[in-house]
Amino acid sequence: MTAPSVSVIIPMLNEAGFVGPCIDGFLAQTTDAIVEILVIDGGSTDGSDLEVLHRRSLDRRVRLVRNPRRLAAAAANIGIDESVGEVLCFVSAHGVPDPGYVGTALAVLDETGAVGVGGRYDHVGTDPVSNAIGLAMASPFGMASPHRTSQQRRDVDTISHPVFRKSALVEIGGYDETLLGNGDYETNYRRGRAGGGLVVTPELSSVYRPRRSLGALGRQFWDYGYWKAEVMARHPDAVRPRHLAPPAAVAGAIVLAAGLTPPATRAAAQRGAAAIGVAYGALLGAAVIRERPAAHGASTRHFVAALPLIHGAWGGGVLAGAVGALRRRRRAADADVAAQPAASADPIARVRLTSGAVG
């Protein structure tokens, strides 16, 4: 049976040194199903586009497509619109696929009948700090995402570096460009609601390049959390227990630090917080013992710092995002009210306006 044609879609903005190896990974795939590699550039100024054009000079399947809207969701939608493949493979410019990535994904789509398949990330840094950050992200102590921890094939609610049947994305209208973050999860959620199934399988793997500093990691997870809150507000039934623990912990810490607990319960709350702090410290110790950072070329102190930073930045981002989502909805409601026709002083006219009656 002939394999379906595949379009690879790589959103990019200032990815010099990363996008080249990403493209090379797809040029080296063991399947000949790839008909094009679309790099959707949001206006890079660091020479990333030159890396793409160089790869195009070596293989005409590589094409640079401009993204004037700059957003990642817009890049995905441009890729959907521009692509000719029956199957779309989305990958971050920080990712590098295994040689059998596309072939394995096509096989799993065929075997399972799913509309989308994703695999695991192998977090590979370039120095002790990025190795530590990657180890923390991949650890079950750090994140509980299926693409970081799954050891067997299973149905899931979200996939990363996804391979989708193009028709499945067209059916739901593509990606939501009003979201500046967490768009992948929101798209996966809507696709799951529409049916067809999403599958994660560990034999499908790609390299992910972690951030190179704790500051960059904190900003990354703050943004993740901020826009996760907007997705939660739009789709409450998409919320999972793993989404709630970090913001709950951050909220509790804020309440205690600000002395907002009632005097009668303050002492008990402080004892509870101390117990939680001890337990969290033990968790960090267990994480170091389990992951053995030094054995992976990772800085132990950066590994220990990365775990609470992931949890705290994500949790704080969710809380800030919840406030932002509430404000946006209030502004939208106020705008709707302002757009309504002014009520007449005539009581009969007011009844007509509020009831929708026509004379």
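Numbers for residues simply follow the sequence, beginning at 1.
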What class does the angle between the rings of [X] and [Y] fall in, given that below 30° is parallel, 30 to 60° is tilted and above 60° is perpendicular?
X: Tyr208; Y: Tyr121; value: parallel
X: His94; Y: Phe18; value: parallel
X: His311; Y: Tyr280; value: perpendicular

*Would you say Met137 and Leu309 are hydrophobically clustered, going by side-chain heavy atoms of ILVMFWY under 4.5 Å?*
yes

_Cluster check Val6, Leu109: I/L/V/M/F/W/Y, side chain < 4.5 angstrom_ = yes

*Please walk me through it: do Arg154 and Val200 pass side chain to side chain contact (heavy atoms under 4.5 Å, CB included)?*
CA-CA 6 Å; Arg154 62 188 179 97; Val200 68; 3.9 Å; yes

Within the distance-only criterion (no hydrogens, no angle test), does the side chain of [X] pair as donor or acceptor with the backbone N or O of [Y] below 3.5 angstrom?
X: Ser299; Y: His302; result: yes
X: Arg190; Y: Gly174; result: yes
X: Tyr101; Y: Gly25; result: no
X: Arg165; Y: Ala114; result: yes
X: Gln29; Y: Ile34; result: no
X: Arg290; Y: Ala286; result: no
X: Asp122; Y: Val207; result: no
X: Asp110; Y: Leu106; result: no
X: Asn14; Y: Thr45; result: yes
X: Glu51; Y: Gly17; result: yes

Any chance [atom1] of [X] has more than 12 other-residue heavy atoms, nucleotides or ligands included, within less than 6.0 Å?
X: Asp334; atom1: CG; value: yes
X: Arg301; atom1: CZ; value: no
X: Arg328; atom1: CZ; value: yes
X: Arg240; atom1: CZ; value: yes

Looking only at non-hydrogen atoms, find the nearest pair between [X] and [Y] and report the distance.
X: Glu36; Y: Gly85; answer: OE2-N, 3.9 Å
X: Ala229; Y: Val318; answer: CB-O, 3.3 Å
X: Gly118; Y: Ile159; answer: N-CG2, 3.7 Å
X: Val8; Y: Ile10; answer: CG1-CG1, 3.9 Å
X: Cys22; Y: Ala93; answer: CB-O, 3.7 Å
X: Pro99; Y: Ala28; answer: CB-O, 4.1 Å

In Å and rounded to the nearest 0.5 Å, what is the [atom1] to [atom2] distance from [X] to [Y]?
X: Phe90; Y: Ser7; atom1: CZ; atom2: OG; answer: 9.5 Å
X: Leu88; Y: Ile9; atom1: CG; atom2: CD1; answer: 4.5 Å
X: Ile40; Y: Met12; atom1: CD1; atom2: CE; answer: 9.5 Å
X: Leu38; Y: Arg61; atom1: CG; atom2: CZ; answer: 12.0 Å
X: Leu53; Y: Arg56; atom1: CG; atom2: CZ; answer: 8.5 Å
X: Asp223; Y: Lys228; atom1: CG; atom2: NZ; answer: 14.0 Å

*Candidate pair Asp176 and Arg234, rule salt bridge (charged side-chain N to carboxylate O under 4.0 Å, His left out), full reasoning*: CA-CA 12 Å; Asp176 185 343; Arg234 295 186 189 187; 2.6 Å; yes

Is the shortest side-chain heavy-atom distance between [X] and [Y] below 4.5 Å?
X: Phe303; Y: Val288; answer: yes
X: Ile80; Y: Tyr175; answer: yes
X: Val39; Y: Arg63; answer: no
X: Leu214; Y: Ile133; answer: yes
X: Trp314; Y: Pro247; answer: yes
X: Leu284; Y: Pro308; answer: yes
X: Ser92; Y: His161; answer: yes
X: Val62; Y: Leu27; answer: yes

*Verify side-chain hydrogen bond (donor to acceptor under 3.5 Å, both in side chains) between Asp237 and Tyr189, making sure each step is shown before the conclusion.*
CA-CA 10 Å; Asp237 55 340; Tyr189 167 78; 2.5 Å; yes

Between [X] and [Y], is there a side-chain N and carboxylate O pair less than 4.0 Å apart?
X: Arg69; Y: Glu177; answer: yes
X: Glu111; Y: Arg153; answer: yes
X: Glu171; Y: Lys166; answer: no

Is the closest side-chain donor-acceptor distance between [X] and [Y] under 3.5 Å?
X: Ser130; Y: Asp127; answer: yes
X: Glu86; Y: Ser5; answer: yes
X: Thr201; Y: Glu203; answer: yes

*Does the side-chain hydrogen bond (donor to acceptor under 3.5 Å, both in side chains) test come out yes or no for Ser48 and Glu15, once each step is laid out?*
CA-CA 6 Å; Ser48 301; Glu15 296 288 0; over 6 Å; no

*asked:* Could you walk me through whether Val124 and Arg209 satisfy the side chain to side chain contact (heavy atoms under 4.5 Å, CB included) test, starting with their C-alpha distance in whole Å, then the side-chain angles of each, then the deciding distance to 0.1 Å, before giving a yes or no?
replied: CA-CA 6 Å; Val124 181; Arg209 299 296 184 189; 3.2 Å; yes

*Would you check, one step at a time, whether the test side chain to side chain contact (heavy atoms under 4.5 Å, CB included) holds for Val231 with Leu179?*
CA-CA 8 Å; Val231 173; Leu179 287 170; 4.0 Å; yes

*Take Val129 and Arg212 through the side chain to side chain contact (heavy atoms under 4.5 Å, CB included) test and state the conclusion after the steps.*
CA-CA 6 Å; Val129 174; Arg212 292 171 172 169; 6.0 Å; no

